[in-house]
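One structure is given below, encoded as structure tokens.
All chains are named by letter (A, B, ...) in the order of the sequence lines, taking the proteins before the strands, and each is independently numbered beginning at 1.
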Protein chains: 2
Amino acid sequence: MVTLAEVAQHAGVSASTVSYVLSGKRSISAATRQRVEESIRELGYHPNAGARALASSRSNIIALMVPLRTDMYVPVMMEIAIAVATTARAHGYDVLLLTGEEGPDAVRRVTGSGLADAMILMDVELDDERLPLLRASGQPSVLIGLPADATGLTCVDLDFTATGALCVEHLAMLGHRDIAVVGEAAAVYERHTGFAERTLEGLRTRAGELGMRLLHRPCEGGYDAMAVTLARIFDERPDTTGFVVQNESAVEPLLALLRQRGLAVPEDVSVVAVCPDQVAVQASVRLTAVAVPAQEMGRRAVDRLVAKLEGRGEDEVVLLAPELSVRASTGPAPSAARH
Amino acid sequence: MVTLAEVAQHAGVSASTVSYVLSGKRSISAATRQRVEESIRELGYHPNAGARALASSRSNIIALMVPLRTDMYVPVMMEIAIAVATTARAHGYDVLLLTGEEGPDAVRRVTGSGLADAMILMDVELDDERLPLLRASGQPSVLIGLPADATGLTCVDLDFTATGALCVEHLAMLGHRDIAVVGEAAAVYERHTGFAERTLEGLRTRAGELGMRLLHRPCEGGYDAMAVTLARIFDERPDTTGFVVQNESAVEPLLALLRQRGLAVPEDVSVVAVCPDQVAVQASVRLTAVAVPAQEMGRRAVDRLVAKLEGRGEDEVVLLAPELSVRASTGPAPSAARH
DNA sequence: CAAACACGTCGAAGCGCTTCGACGAGCCCT
DNA sequence: AGGGCTCGTCGAAGCGCTTCGACGTGTTTG
């Protein structure tokens with residue numbers, strides 16, 4: 001391994017000069033800088049990460065905590081993770097991948113050891129047990145998701161409440177009165193995952209205001225689970241003409257099952273999805289959907305975090321406004337005469 | 001931040017003793033050990049990662065390089081990544097997430113800076129430009145995937161050649177003669193991704209041996225792309241009765257399109273998929289499939305890597321034997337009388 | 001019964017870097 | 001012309017840890 005000292009010797013300057021060339025924290029004459037840079041290139045020097053971290057107490061690493069569970073939203077998670085990694089690199093940071101498995105311990109470990117300078121948390125629950133620790137640690141952090149109490153925290157998320165409202169409004173405008181919501185797996189609600197509960201709240205509130213009937217059913221996803229769920233829905237509410245789906249792995253099964261029942265989309269029933277655009281566009285019917293802007297969320301989270309690390313930027317909740325793209329899966333409700 | 005020295009003072013021992021308690025590299029009396037451990041707990045001590053890395057020249061970090069592109073196999077990637085992270089933690093390592101974006105530079109950077117002790121590479125191309133660097137660096141590494149030349153490297157992968165052969169054999173046994181392969185996006189083949197090319201090779205070779213006709217078509221995935229691809233396939237080979245699909249996002253569209261053409265699965269056409277079991281089970285028809293054992297691959301890769309880091313284990317190519325699970329999407333070919 | 005050997009502990013020397021204060025050299029200002 | 005600047009560079013002091021050799025003690029062994 002080539003060291004700073006070797007570079008310094010090779011360039012005929014002192015070690016500190018090389019360091020300052022690297023960091024730019026003091027002015028260096030053009031001639032010296034050039035000589036040093038050449039030596040660096042020639043010797044193939046790479047600063048030692050550990051030594052750097054020790055001396056500067058900054059690791060240039062951002063920890064990203066992703067949910068362990070693969071029971072939901074995998075493509076979204078992946079997209080966020082990749083956006084985080086890419087954006088972080090652009091700012092000179094690397095990304096440490098933590099799984100949710102360790103839970104709060106991971107927060108302690110990373111904070112305590114100085115392994116990372118900052119954290120990004122995904123899959124935040126409304127009353128997440130990691131949050132008190134995070135607040136106490138004083139470590140810069142950003143949540144992707146929105147807990148019940150966000151004081152003292154920075155959050156980036158899609159405005160899921162507005163998302164729910166938007167879906168309902170769209171269906172209302174088209175004349176639908178009976179709406180069914182196909183949600184995430186029951187477990188997702190049981191652990192009070194922010195986005196799921198907020199969407200539901202938005203749906204319910206706006207539906208109430210607009211005098212619509214709303215039936216919410218969690219669904220594991222997959223064909224069989226969706227079949228059962230759909231049967232129940234029609235059992236309970238035979239007049240259902242609108243669906244809101246917030247579960248990527250239920251989308252295709254739902255479309256297939258509707259077809260199978262002889263129900264045409266969008267002539268007989270309308271479907272609004274909450275999913276990444278790519279999924280909406282690739283489905284067997286191009287879906288009217290509110291996009292989950294995964295990349296944007298990842299990017300924003302890192303930007304906010306870097307701002308904090310550089311002393312700019314204070315705590316703040318950033319809620320991205322939902323956008324509904326009308327595609328081929330929604331249309332006017334079949335006339336009331338149908339009854 | 002609590003330091004080793006503070007713990008030592010609190011416990012009334014020297015710093016080195018605390019260090020030895022932590023590492024277990026020298027014997028410590030039970031009494032001392034207990035006193036030290038208590039101090040650690042009481043003070044909430046966490047060893048500083050940077051200092052540790054500097055002093056020991058080991059970072060206890062494994063770098064995982066995932067493809068940047070989200071054009072393929074996202075759930076598989078995610079599953080592998082999570083398995084890697086989980087397994088690594090179990091061995092006391094953390095995982096650094098690198099995107100393919102940086103390419104070979106990332107290898108240089110990580111190797112040179114001592115940021116990570118070892119690397120895992122995913123999405124390996126047959127003639128991957130990162131490999132020479134990796135060999136030269138002498139850094140312990142494991143590939144998930146199999147390049148054309150694996151000398152001096154450790155690889156873990158599903159035996160995709162055998163996988164292809166297995167799919168063909170299954171269809172042959174059922175009496176199918178004309179087979180279509182719906183592959184990954186064309187770009188995947190263009191960059192000579194190992195698994196895609198090997199599967200194809202396995203399919204072709206075995207098909208040749210068994211006297212079957214094989215038509216391979218790359219496919220972007222999604223409904224529209226699949227529609228075009230399927231139309232072309234039937235144009236060119238109207239007698240096609242068997243499909244092999246190696247593209248998660250083409251599976252459901254294919255099933256939907258076949259249904260739409262009035263072709264029943266498995267009565268009229270059989271479909272074999274290469275995908276994770278979960279996808280196969282959740283599809284609208286339970287798919288006969290060769291499972292891609294994502295978790296297993298991630299786990300094995302880490303195990304091999306840790307073995308190397310501990311001085312055990314030499315270079316080796318681990319090819320997991322494919323397993324075909326027969327489900328509801330394959331059946332006897334419709335009698336030849338159909339012509 | 002002295003020599004040999006664990007065993008448990010300590011002190012000190014670094015690991016490779018950042019950063020602070022110091023210092024000479026050239027500059028401007030009055 | 002001399003005091004006060006700024007500019008570019010250097011030396012040295014750590015950052016918090018690991019690890020090596022050394023040093024008692026207590027225990028075995030020929």
Inset, instruction - Could you identify which residues of residues 39-63 of chain A place a heavy atom less than 4.0 Å from some atom of DNA chain D, listed by residue number, or say none? - result: L54(A), A55(A)
Inset, instruction - Just jot down the side-chain contact (heavy atoms from CB on, under 4.5 Å) partners of R299(A), sequence neighbours excluded, or say none. - result: T87(A), Q295(A), E296(A), D303(A)
Legend entry - Distance, rounded to the nearest Å, where E6(B) contributes CD and dG16(D) contributes P: 8 Å
Show me the donor-acceptor pairs within less than 3.5 Å that the side chains of residues 36-47 of chain A make with the rest of the protein, sequence neighbours left out.
residue: S39(A); atom: OG; partner: H10(A); partner atom: ND1; Å: 2.8
residue: S39(A); atom: OG; partner: R35(A); partner atom: O; Å: 3.2
residue: E42(A); atom: OE2; partner: H10(A); partner atom: NE2; Å: 3.4

Legend entry - Under the side-chain contact (heavy atoms from CB on, under 4.5 Å) test, residues paired with S57(A) that sit two or more places apart: none
Inset, instruction - Mind checking the CD1-CG spacing from I62(B) to L97(A)? Nearest 0.5 Å is all I need. - result: 12.0 Å
Legend entry - Rounded distance (Å) that lies between atom C1' of dG16(D) and atom CG of L115(A): 14 Å
Legend entry - Residues in salt bridge (Lys or Arg N to Asp or Glu O under 4.0 Å) contact with E310(B), at least two apart in sequence or another chain: R312(B)
Inset, instruction - List for me each residue that meets salt bridge (Lys or Arg N to Asp or Glu O under 4.0 Å) alongside D127(B), sequence neighbours excluded, and say none if there are none. - result: none
Between N or O atoms, less than 3.5 Å apart, protein on one side and nucleotides 7-9 of chain C on the other: list the pairs.
residue: dG8(C); atom: OP2; partner: S27(B); partner atom: OG; Å: 2.6
residue: dT9(C); atom: OP1; partner: S29(B); partner atom: OG; Å: 2.8
residue: dT9(C); atom: OP1; partner: T32(B); partner atom: OG1; Å: 2.1
residue: dT9(C); atom: OP2; partner: S29(B); partner atom: N; Å: 2.9
residue: dT9(C); atom: OP2; partner: S29(B); partner atom: OG; Å: 3.4
residue: dT9(C); atom: OP2; partner: T32(B); partner atom: OG1; Å: 3.4
residue: dT9(C); atom: O4; partner: R26(B); partner atom: NH1; Å: 2.8

Inset, instruction - Provide the full list of salt bridge (Lys or Arg N to Asp or Glu O under 4.0 Å) pairs with a residue in residues 7-24 of chain B, sequence neighbours left out, each pair given once. - result: none
Inset, instruction - For the helix from dC1(C)-dG30(D) to dT30(C)-dA1(D), figure out the bend between the end axes, five pairs an end, and round to 10 degrees. - result: 30°
Inset, instruction - Sequence neighbours left out, what passes side-chain hydrogen bond (donor to acceptor under 3.5 Å, both in side chains) with R108(A)? Give chain and number order. - result: D105(A)
Legend entry - Summary of salt bridge (Lys or Arg N to Asp or Glu O under 4.0 Å) pairs that have at least one residue in residues 43-63 of chain B, sequence neighbours excluded: R58(B)-D117(B)
Inset, instruction - Would you mind listing every salt bridge (Lys or Arg N to Asp or Glu O under 4.0 Å) that reaches into residues 89-103 of chain A, with sequence neighbours excluded? - result: R89(A)-D94(A), R89(A)-E102(B), D94(A)-R109(B), E102(A)-R109(A), E102(A)-R89(B)
Inset, instruction - Give the rounded distance in Å between these two atoms: NZ of K25(A) and P of dG8(D). - result: 18 Å
